[in-house]
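First up is the structure itself, then whatever we jot down about it.
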Amino acid sequence: MKKNKVIKAIFPVAGLGTRFLPATKSIPKEIMSLVDKPLIQYAIDEARAAGIREFIFVTSRGKGALEDYFDSAPRLESALKRSGKTELLAAVRQTTMESGAIAYIRQHQALGLGHAVWCARRLIANEPFAVILPDDVIAADKPCLQQMVEAYDETGGNIVATMEVPPSQASSYGLLDIGEANGNILSVKGMVEKPDPKDAPSNMAVIGRYILTPKVLQNLNRKMVGAGGEIQLTDAIAKEIADSGNVYGYKFEGKRFDCGSKAGFLKATVAFALNRDDLRDDFLEFLRHIVAKDGLYK
Ligand code: UTP
């Protein structure tokens, strides 16, 4: 059977971002930057590399800065052009999205990730689609979503990105009940969101990249309330496992940073800064100094 290509991606960005208050009172979490690039730009770059051409943002009140970020900025661009700042000009142009490629849908109440994805159902219609959570930033030679699109081309099934986490952290995640492995592709017998540690089926956690079939959207129509009183994407995928078994875990190659948490965001900032030729030497010297002084910056 000929499979549709994955060209649409949903970016659910309607959460309240409470872990970064008070900053997120007025700044969307996704605009916060690792060095000088906002989290959302990492997500968009990864999606583009995977062949995504339609970008659907599920937003909420107070996320206007995200819409502005993707708009063209003619005054800024001509100022940069006049002053010969060609590299900056290229970086700014990279953020502009072609008219019609980007759509914004409102989630009126933060009822959960599953509900946010369901809000985009009319734009997805009957095609496979990706879901990218911008607060999971993944540094990889081959971008994570591209790896997953290749796995989708091979299996034709729903694909969830997975990684091993320490058992002590496992119950903060959706966890997979794993069957056989074929390279990086794992067959999945079940999936449960934030289980009690005693009920954890494994310590293979689902992280914020998915390729899903429209059947999962239909499962979300049931608006089933799950863990934490939220409508969980995990539950809709778990139903698909029970109904068809057409769900796979994908052990991606790369390093994932949980930029939805303060510690993860800081680790990513340090790692990305050390990876930059223009910052590395100075920053490393500072880090060595401050570590030697137990964090006291005198
Ligand atoms: P999180 O669980 O990280 O929630 O959501 P959050 O609101 O962003 O942040 P905290 O926990 O309050 O600090 C994971 C992803 O799902 C989206 C979020 O925007 C984030 O990208 N989400 C979550 C929605 O779009 N709508 C929801 O109702 C819930």
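Numbers for residues simply follow the sequence, beginning at 1. Read the numbers this way: they start at 1 and go in the same order the structure lists the ligands and their atoms. Note that this is a predicted model, so its numbers are computed, not measured.
Between Lys63, Glu230, Lys262, Arg19, it is Arg19 that holds the heavy atom closest to atom 3 (O) of ligand 1. Between atom 15 (C) of ligand 1 and the options Leu133, Ile231, Thr24, Leu233, the minimum heavy-atom separation is to Leu133.
Using a distance-only test at 3.5 Å, with no hydrogens or angles considered, no donor-acceptor pair links the side chain of Glu230 to the main chain of Leu113. A side-chain donor-acceptor contact under 3.5 Å links Lys8 to the backbone of Leu123. A donor-acceptor distance shorter than 3.5 angstrom exists from the side chain of Ser244 to the backbone of Asn246, with no hydrogens or angles considered. A side-chain donor-acceptor contact under 3.5 Å links Ser202 to the backbone of Leu176.
Of all the heavy atoms of Gln109, none lies under 4.0 Å from any atom of ligand 1, so neither backbone nor side chain is involved. By the criterion of a heavy-atom distance under 4.0 Å, both the backbone and the side chain of Ala14 are placed next to ligand 1. Under 4.0 Å from ligand 1, the heavy atoms of Leu111 that appear belong solely to its backbone. Of the heavy atoms in Val13, only backbone atoms (N, CA, C, O) come closer than 4.0 Å to ligand 1.
Atom NZ of Lys267 sits in a sparse spot, with 12 or fewer heavy atoms from other residues, nucleotides or ligands closer than 6.0 Å. Counting non-hydrogen atoms of other residues, nucleotides and ligands closer than 6.0 Å to NZ of Lys251 gives a total of 12 or fewer. Counting heavy-atom neighbours within 6.0 Å of Asn126 CG, excluding the residue itself, gives a total of 12 or less.
The shell of residues lying under 4.0 angstrom from ligand 1, judged by heavy atoms, includes Gln107. Note on ligand 1: Gly17 sits in its first shell, one or more heavy atoms being nearer than 4.0 Å.
Under a 4.0 Å criterion applied to the non-hydrogen atoms of Ala116, ligand 1 contributes the atoms 24 (C), 25 (O), 26 (N). Those atoms of ligand 1 that come under 4.0 Å of a heavy atom in Gly112, given as number and element, are 26 (N), 27 (C), 28 (O), 29 (C). Near Lys29, meaning under 4.0 Å from any of its heavy atoms, are these atoms of ligand 1: 3 (O), 6 (P), 8 (O), 9 (O). Of all the atoms in ligand 1, the ones that sit under 4.0 Å from a non-hydrogen atom of Ala110 are 28 (O). For ligand 1, the atoms closer than 4.0 angstrom to any heavy atom of Leu16 are 7 (O).
In this structure, Val137 and Arg256 have side chains that are not in contact, with every pair of non-hydrogen atoms separated by 4.5 Å or more. By the 4.5 Å heavy-atom criterion applied to side chains, Asp136 and Cys259 are not counted as neighbours.
A cation-pi arrangement is present between Lys37 and Tyr42 under the rule of less than 6.0 angstrom and at most 45 degrees off the ring axis.
Per-atom contact check: atom 7 (O) of ligand 1 touches the protein, criterion being a heavy-atom distance below 4.0 Å.
The nearest heavy-atom contact from the protein to atom 24 (C) of ligand 1 is Gly15 N, 3.5 Å. The protein heavy-atom contact nearest to atom 12 (O) of ligand 1 is Thr18 OG1, 2.5 Å.
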(Q) Set out, in order, the CA-CA distance, both residues' side-chain angles and the distance that settles side chain to side chain donor-acceptor pair (under 3.5 Å) for Glu253 and Asn184, then state yes or no. (A) CA-CA 9 Å; Glu253 314 273 348; Asn184 288 8; 3.1 Å; yes
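Backbone and side-chain nitrogen or oxygen atoms of Leu113 are examined, and none is located within less than 3.5 angstrom of a nitrogen or oxygen of ligand 1. Considering backbone and side-chain atoms together, Val58 places no N or O closer than 3.5 Å to any N or O of ligand 1.
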